[in-house]
Amino acid sequence: MKKYIWILAFAAIGALNSCQDFLDERQVSNLTQDYYNDENGLESLINGLYVYARVKHEWDANGARLTQAETDAYMTSNASWARMEVGIYGNDLSNIAGNMFNYIGSANANYAPMGAYPHINNCNIALDVLENIAPGVFGTNEAFANQRKAEILFLRSWAFYLVSNQLGDVPLLLEPRREDDGIYHFPKSSLEDVYSQIIEDVTFAYEHLPTSAPQGRLTKWAAGHFLAKLYLNRAQGATFVNSNEETLRMLYKGTDPADLDNAILYASEVIDGVGGLAPDYNMLFDPAISETSPHAEVIWSAQFDTNIGLNGRFGGNRSVNYHTGNYTEQSGVARSMMYGRPFGTFKPTDYGYDNFRDKMHDSRYAKTFRHEYHSNMGSNSSSFTWSSATAAWWNANKPADQPSVNAGDRRIQNGQRAIIYLENDRENALDSMEVMSQPYQFMVRWVRSSTTGNYYYRLFINGANMGLATQIAPYLSVKKYVDPLRGGSNDESNFDREAGTRDAILMRLAETYLIRAEAYGRKGDYGLAVDDINVLRERAAFKAGENRPSLFAQWYPEAQELDAAELVAPYAANGDSFNAIMVTENHFTPGTPEATREGYIPSVNSKQDMFIHFIYNEKNREFLAEGIMWEDLHNAGILYDRVMHYNQMASNRTGLWPVASNTGGGNGQNGNGKGQMQRFHTFRPWPFNYLVQLTDETGAPLDEATRSAYQNPGY
């Protein structure tokens with residue numbers, strides 16, 4: 001087998017521009033390593049290290065799938081992946097092992113090796129040149145050299161952080177490797193040693209990075225945010241040192257009694273330094289705003305460009321393709337740049353929708369999802385048609401200002417509402433005849449038969465069962481990644497292009513607040529924690545005059561909470577709704593109505609445990625589909641318990657969910673889990689293709705027993 005792992009990736013040359021994204025990427029694989037020994041070459045190498053920031057958003061066979069699904073609130077729409085079947089998750093040759101092989105470092109004939117360890121080696125070479133050759137300005141300007149060193153150390157630490165989140169103990173490689181000597185002896189270091197090193201390195205970064213920089217370039221605040229998270233993660237892991245569960249003990253990262261205080265300290269400095277959240281949640285994800293005037297709340301983002309030739313191996317931000325269900329089937333809606341490409345790779349679980357407990361007052365529910373589509377096909381409409389029964393129902397029950405219809409006519413008219421979604425519960429099921437007799441596709445989770453009284457779960461407009469793993473069906477989709485410039489322009493002919501151009505958020509201030517809130521709460525300072533949570537809630541509240549989606553008032557049972565004036569078009573909020581969603585300690589105090597409404601796992605019954613789970617309920621509401629929740633739930637040690645209780649497709653629990661009459665097809669709603677998740681799945685496998693390349697100190701291949709000892713438990 002070809003030996004290639006962790007050799008220098010001649011990755012990119014960067015050019016810094018104060019007005020635009022600084023990463024101007026092009027392949028330089030024809031260069032020798034001597035190129036990086038002068039001032040310009042070293043600067044290019046350091047700029048090229050930022051390519052690694054894209055790893056979560058370039059490809060679903062790499063970081064996207066490892067960081068998005070399978071969590072409590074987000075899942076893969078493909079049934080085999082969502083169930084975490086043995087062939088997908090079970091061994092070092094399973095699909096997830098393939099993702100891990102890409103994540104730690106894999107080769108490609110036309111590109112430099114990608115992944116964590118080729119990047120780490122590039123960082124080590126850059127450090128070696130900076131410290132031991134110090135060419136040009138790197139040797140004459142100490143402040144400049146320290147700033148660039150800070151960037152290298154941060155970016156190396158980011159890679160160690162991401163890969164150790166997946167694998168636990170990992171090789172802690174700190175020396176440059178410039179040639180292939182046939183020796184691949186990479187013993188693992190403990191998470192305690194990994195965290196000790198990266199905390200030291202990110203502390204240096206915090207001390208030497210500037211408070212402002214060109215978009216995408218690291219700042220002091222990015223380092224402070226990262227430090228706060230590292231200290232919190234170490235404090236979380238310390239609680240499991242004596243756990244009976246092996247996978248929880250594996251989270252131990254060392255301990256220091258000052259960890260929570262340090263998390264609070266650095267989070268506080270970042271909060272004070274950045275200066276506040278974006279006033280409107282939608283500003284963070286509306287490309288018309290975020291791509292032209294990104295708010296300072298975005299502390300660090302991965303850079304992509306409308307010139308897709310600069311976006312490297314994958315052509316751009318492919319996350320734009322992974323979060324949108326199929327809105328084109330018999331809907332009269334054609335694929336469009338505004339609506340996105342309907343790949344349907346990832347979707348929310350039912351809990352992901354239901355976790356938004358205050359849909360009428362918490363605007364994040366309205367602003368996270370695309371609740372409505374309009375027909376755009378004109379006379380070429382692919383709309384389904386009126387049947388005799390549905391036309392009769394509509395004509396008998398339609399609003400007075402709506403026209404009568406005829407059986408056989410196209411149901412959905414051009415420019416009119418084509419699809420809407422209602423995430424209701426079984427107790428608020430809608431009449432099936434009413435649902436199926438609207439002049440649009442009405443995608444309702446629960447309907448009740450007009451004739452039999454039976455309850456049905458997720459029926460398509462033709463009566464077909466969509467079930468729990470809806471593949472590319474028209475599910476209520478996250479709209480945070482929709483890119484109207486996909487492929488490099490707003491030309492509608494680009495709608496099949498996979499290359500997204502939007503920058504991808506990696507850190508934002510709302511998370512800093514919740515890091516500090518969790519640290520406060522773990523210390524028992526619940527009042528201070530609640531204050532931080534309510535900063536997010538104040539932003540989340542509908543403001544006076546802000547319009548809710550019309551279907552909220554028309555169809556959601558919670559609309560009874562609204563004032564009469566709010567139920568009339570344009571459905572504007574009558575006042576600030578913060579009082580309706582303000583958090584108090586009651587939200588995590590056992591026995592209170594607020595705590596009951598949060599729907600905690602039955603085993604979570606103390607105030608401290610409820611508080612921790614409340615933080616992650618809130619994180620799901622704030623950061624759904626942003627690629628941090630798998631890692632955060634994992635490090636908090638609650639990933640397995642929450643997936644098993646909330647994610648029906650991954651869970652093997654029985655009787656936790658309501659039962660429908662349409663239970664067929666393997667994914668039907670019969671009240672039972674469909675999955676095969678095991679505790680050991682909270683860590684990933686070391687891939688076989690990696691293990692068989694390892695050697696001992698002399699270059700001799702490892703025997704099977706030694707490789708087995710290297711592997712994570714369960715695989």
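Predicted model only: the values in this text are computed from it and were never measured.
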**Q** Check whether any side-chain heavy atom of Ile419 sits under 4.5 Å from a side-chain heavy atom of Ser331, and report yes or no.
**A**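 They are in contact (side-chain heavy atoms under 4.5 Å apart), so the answer is yes.
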**Q** Could you walk me through whether Arg679 and Asp641 pass the salt bridge (Lys or Arg N to Asp or Glu O under 4.0 Å) test, one step at a time?
**A** CA-CA 9 Å; Arg679 284 192 178 274; Asp641 291 332; 3.7 Å; yes
**Q** Run the salt-bridge test on Arg516 and Asp525 with the 4.0 Å N-O cut-off and return the result as yes or no.
**A**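 No.
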**Q** Consider only side-chain N and O atoms of His323 and Tyr74, and report whether a donor and an acceptor are under 3.5 Å apart.
**A**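 Per modelled atom types, His323 and Tyr74 side chains form a pair under 3.5 Å.
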**Q** Indicate yes or no: does Arg539 engage Glu297 in a salt bridge with an N to O separation below 4.0 Å.
**A**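 Salt bridge: yes.
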**Q** For the residue pair Gln236 and Lys253, establish whether any side-chain heavy-atom pair is separated by less than 4.5 Å.
**A**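 Gln236 does not reach Lys253 side chain to side chain.
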**Q** In plain terms, say whether Glu618 and Arg364 are close enough for a salt bridge, that is, a side-chain N and a carboxylate O under 4.0 Å apart.
**A**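 Yes, Glu618 and Arg364 are salt-bridged.
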**Q** Under 30°, 30 to 60°, or over 60°: which ring-plane class applies to Tyr89 and His681, parallel, tilted or perpendicular?
**A**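 Answer is perpendicular, since the angle exceeds 60°.
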**Q** Is a donor on one side and an acceptor on the other found under 3.5 Å between the side chain of Ser77 and the backbone of Thr345?
**A**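 Indeed, once roles are kept as given, a pair shorter than 3.5 Å links the two residues.
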**Q** Does Glu622 pair with Arg537 as a salt bridge, N-O distance under 4.0 Å?
**A**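 Salt bridge flag = no for Arg537 with Glu622.
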**Q** Evaluate Tyr421 against Phe442 for ring-ring contact (aromatic ring centres under 6.0 Å, His included), listing each step before the verdict.
**A** CA-CA 6 Å; Tyr421 300 85; Phe442 194 5; 9.4 Å; no
**Q** Could you check His587 against Phe611 for ring-ring contact (aromatic ring centres under 6.0 Å, His included), going step by step and ending with a plain yes or no?
**A** CA-CA 8 Å; His587 284 75; Phe611 168 78; over 10 Å; no
**Q** Using a strict cut-off of less than 4.0 Å between a Lys/Arg side-chain nitrogen and an Asp/Glu carboxylate oxygen, indicate whether Asp632 and Lys229 qualify as a salt bridge.
**A**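 Looking at Lys229 together with Asp632, the answer is yes, because their closest N to O distance falls below 4.0 Å.
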**Q** Is the side chain of Glu70 donor-acceptor paired with the backbone N or O of Thr76 at a distance under 3.5 Å, no angle test?
**A**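 Yes; judged by distance alone, with no hydrogens or angles, the pair exists.
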**Q** Kindly indicate, with the supporting measurements, whether the criterion ring-ring contact (aromatic ring centres under 6.0 Å, His included) is fulfilled by Phe588 and Tyr526.
**A** CA-CA 10 Å; Phe588 46 86; Tyr526 295 123; 5.4 Å; yes
**Q** Tell me the closest heavy-atom pair linking Leu459 and Gly463, and the distance in Å.
**A**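 Answer, listing the atom of Leu459 first, then Gly463: CD2-O, 3.6 Å.
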**Q** Parallel, tilted or perpendicular: which one describes the rings of Phe356 and Tyr365, with boundaries at 30° and 60°?
**A**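 Aromatic pair Phe356/Tyr365 classed tilted.
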**Q** Under 3.5 Å, is there a donor-acceptor pair between the side chain of His613 and the main chain of Met610?
**A**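 The answer is no, because no donor-acceptor pair under 3.5 Å joins these two groups.
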**Q** Closest heavy-atom contact between Arg417 and Ser550?
**A**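 So the minimum-distance heavy-atom pair works out to NH2-OG, 2.8 Å.
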**Q** Does a side-chain heavy-atom distance below 4.5 Å link Met677 with Asn652?
**A**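 Sidechains of Asn652 and Met677: no contact.
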**Q** Look at the aromatic rings of Tyr481 and His57 and report parallel, tilted or perpendicular, splitting at 30° and 60°.
**A**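 Tilted, since the angle between the ring planes falls between 30° and 60°.
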**Q** Parallel, tilted or perpendicular: which describes the rings of Tyr339 and Tyr373, with under 30° parallel and over 60° perpendicular?
**A**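 Tyr339 vs Tyr373 ring planes: perpendicular.
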**Q** Drop me the distance from Leu422's CG to Trp555's CH2, to the nearest 0.5 angstrom.
**A**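 Nearest 0.5 Å value for the CG-CH2 distance: 8.5 Å.
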**Q** Minimum heavy-atom separation for Gly599 to Tyr646, with atom names?
**A**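 Looks like O-OH, 2.7 Å.
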**Q** Inspect the contact between Glu518 and Arg522 and indicate whether a charged nitrogen and a carboxylate oxygen are less than 4.0 angstrom apart.
**A**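 Yes.
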**Q** Quick one: closest heavy-atom pair of Leu260 and Ala235, and the distance?
**A**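 Where Leu260 meets Ala235 most closely, the heavy atoms are CD2-CB, 3.6 Å.
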**Q** Does Ser577 use its side chain to pair, donor to acceptor, with the backbone of His361 at less than 3.5 Å?
**A**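 A pair under 3.5 Å: yes.
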**Q** Tyr475 ring centre to Lys347 NZ or CZ under 6.0 Å, with the angle to the axis within 45°?
**A**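 Geometry flag: set, cation within 6.0 Å and 45°.
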**Q** Do the non-hydrogen side-chain atoms of Pro348 and Tyr353 ever get within less than 4.5 Å of each other?
**A**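 Yes, close enough: below the 4.5 Å cut-off.
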**Q** Check the orientation of Phe552 and His371. Use parallel for under 30°, tilted for 30 to 60°, and perpendicular for over 60°.
**A**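 Plane angle over 60°, so perpendicular.
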**Q** Do Trp81 and Arg65 make a side-chain contact, defined as non-hydrogen atoms from C-beta onward lying under 4.5 Å apart?
**A**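 Trp81 vs Arg65: side chains touch.
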**Q** Are Lys56 and Glu631 ion-paired here, with the side-chain N under 4.0 Å from a carboxylate O?
**A**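 Answer for the salt bridge query: yes.
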**Q** Backbone N or O of Gly352 within a donor-acceptor pair of the Thr349 side chain at under 3.5 Å?
**A**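 Checked: pair present.
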**Q** Is a side-chain donor or acceptor of Asn424 paired with a backbone partner of Asn428 at a separation under 3.5 angstrom?
**A**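 Confirmed, Asn424 side chain pairs with Asn428 backbone.
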**Q** Under 4.5 Å between any side-chain heavy atoms of Val447 and Tyr455, yes or no?
**A**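 Side chain of Val447 against side chain of Tyr455, heavy atoms only: no contact under 4.5 Å found.
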**Q** At what distance, to the nearest 0.5 angstrom, does CG of Leu251 lie from OG of Ser164?
**A**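 The distance works out to 10.5 Å.
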**Q** Check the side chains of Asn667 and Arg83 for a donor-acceptor pair under 3.5 angstrom, ignoring hydrogens and angles.
**A**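 Present: a donor and an acceptor within the cut-off.
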**Q** Heavy atoms, side chains only, cut-off 4.5 Å: are Lys480 and Arg370 in contact?
**A**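 No, every pair of side-chain atoms sits at 4.5 Å or beyond.
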**Q** Quick check with a 6.0 Å cut-off and a 45 degree axis cone: is Arg548 positioned over the face of Tyr571's six-membered ring?
**A**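 Output no; distance or angle outside limits.
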**Q** Measuring from Asn95:CG to Met84:CE, what's the distance to the nearest 0.5 Å?
**A**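 One finds 12.0 Å between CG of Asn95 and CE of Met84.
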**Q** Write down the atom of Ser661, the atom of Asn454, and the distance for their closest heavy-atom approach.
**A**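 Ser661 and Asn454 have their closest heavy atoms at OG-CB, 3.2 Å.
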**Q** Judged by modelled atom types alone, do Glu372 and His374 share a side-chain donor-acceptor pair under 3.5 Å?
**A**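 Yes, His374 and Glu372 have a side-chain donor paired with an acceptor closer than 3.5 Å.
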**Q** Ignoring hydrogens and geometry, is there a side-chain-to-backbone donor-acceptor pair from Asn534 to Met582 under 3.5 Å?
**A**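 Such a contact is absent between Asn534 side chain and Met582 backbone.
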**Q** Run the numbers on Asn620 and Asp72 for side chain to side chain donor-acceptor pair (under 3.5 Å), then give the verdict.
**A** CA-CA 9 Å; Asn620 271 320; Asp72 51 359; 3.2 Å; yes
**Q** Pick from Thr71, Asn647, Asn617: which one makes a side-chain contact (heavy atoms from CB on, under 4.5 Å) with Arg642?
**A**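 Running side-chain contact (heavy atoms from CB on, under 4.5 Å) over Thr71, Asn647, Asn617 with Arg642 returns exactly one hit, Asn617.
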**Q** Any side-chain donor paired with an acceptor under 3.5 Å for Gln648 and Gln669?
**A**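 A pair is found: one side chain offers a donor N or O, the other an acceptor, under 3.5 Å apart.
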**Q** Between CD of Glu245 and CZ of Phe240, what distance do you get to the nearest 0.5 Å?
**A**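 Rounded to the nearest 0.5 Å, the CD-CZ separation comes to 10.5 Å.
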**Q** Looking at Asp483 and Arg502, does any basic side-chain N land under 4.0 Å from a carboxylate oxygen?
**A**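 Judged by the 4.0 Å cut-off on N to carboxylate O distance, Asp483 and Arg502 do not form a salt bridge.
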**Q** Is Asn462 atom CG crowded by more than 12 heavy atoms from other residues, nucleotides or ligands, each under 6.0 Å away?
**A**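 Yes - once you tally the heavy atoms of other residues, nucleotides and ligands closer than 6.0 Å, there are more than 12.
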**Q** Identify the heavy atoms of Ala541 and Glu546 that sit nearest to each other, and give their distance.
**A**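 Heavy atoms of Ala541 and Glu546 come nearest at O-OE1, 4.2 Å.
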**Q** Quick one: is the NZ or CZ of Arg621 closer than 6.0 Å to the six-membered ring centre of Phe614, and within 45° of its axis?
**A**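 Flagged: Arg621 positioned over aromatic ring of Phe614.
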**Q** Could you grab the distance from atom CE of Met507 to atom CD1 of Ile628, nearest 0.5 Å is fine?
**A**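 One finds 10.0 Å between CE of Met507 and CD1 of Ile628.
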**Q** Ignoring hydrogens and angles, tell me if any N or O in the side chain of Asn662 forms a donor-acceptor pair with the backbone of Asn465 under 3.5 Å.
**A**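 It does not hold such a pair.
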**Q** If we ignore hydrogens and angles and just use 3.5 Å, is the side chain of Gln438 paired with the main-chain N or O of Glu434 as donor and acceptor?
**A**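 Present.
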**Q** Nearest 0.5 Å, what's the CZ-CD distance between Phe623 and Glu511?
**A**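 CD of Glu511 is found 5.0 Å from CZ of Phe623.
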**Q** Taking Arg445 first and then Asp425, would you say they form a salt bridge - that is, a charged N and a carboxylate O separated by under 4.0 Å?
**A**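 Judged by the 4.0 Å cut-off on N to carboxylate O distance, Arg445 and Asp425 do not form a salt bridge.
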**Q** Whether the side chain of Ser651 engages the backbone of Met644 through a donor-acceptor N/O pair (distance < 3.5 Å, no angle test) should be reported.
**A**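 Yes; judged by distance alone, with no hydrogens or angles, the pair exists.
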**Q** Taking C-beta and beyond as the side chain, do Phe369 and Lys479 meet within less than 4.5 Å on heavy atoms?
**A**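 Not in contact.
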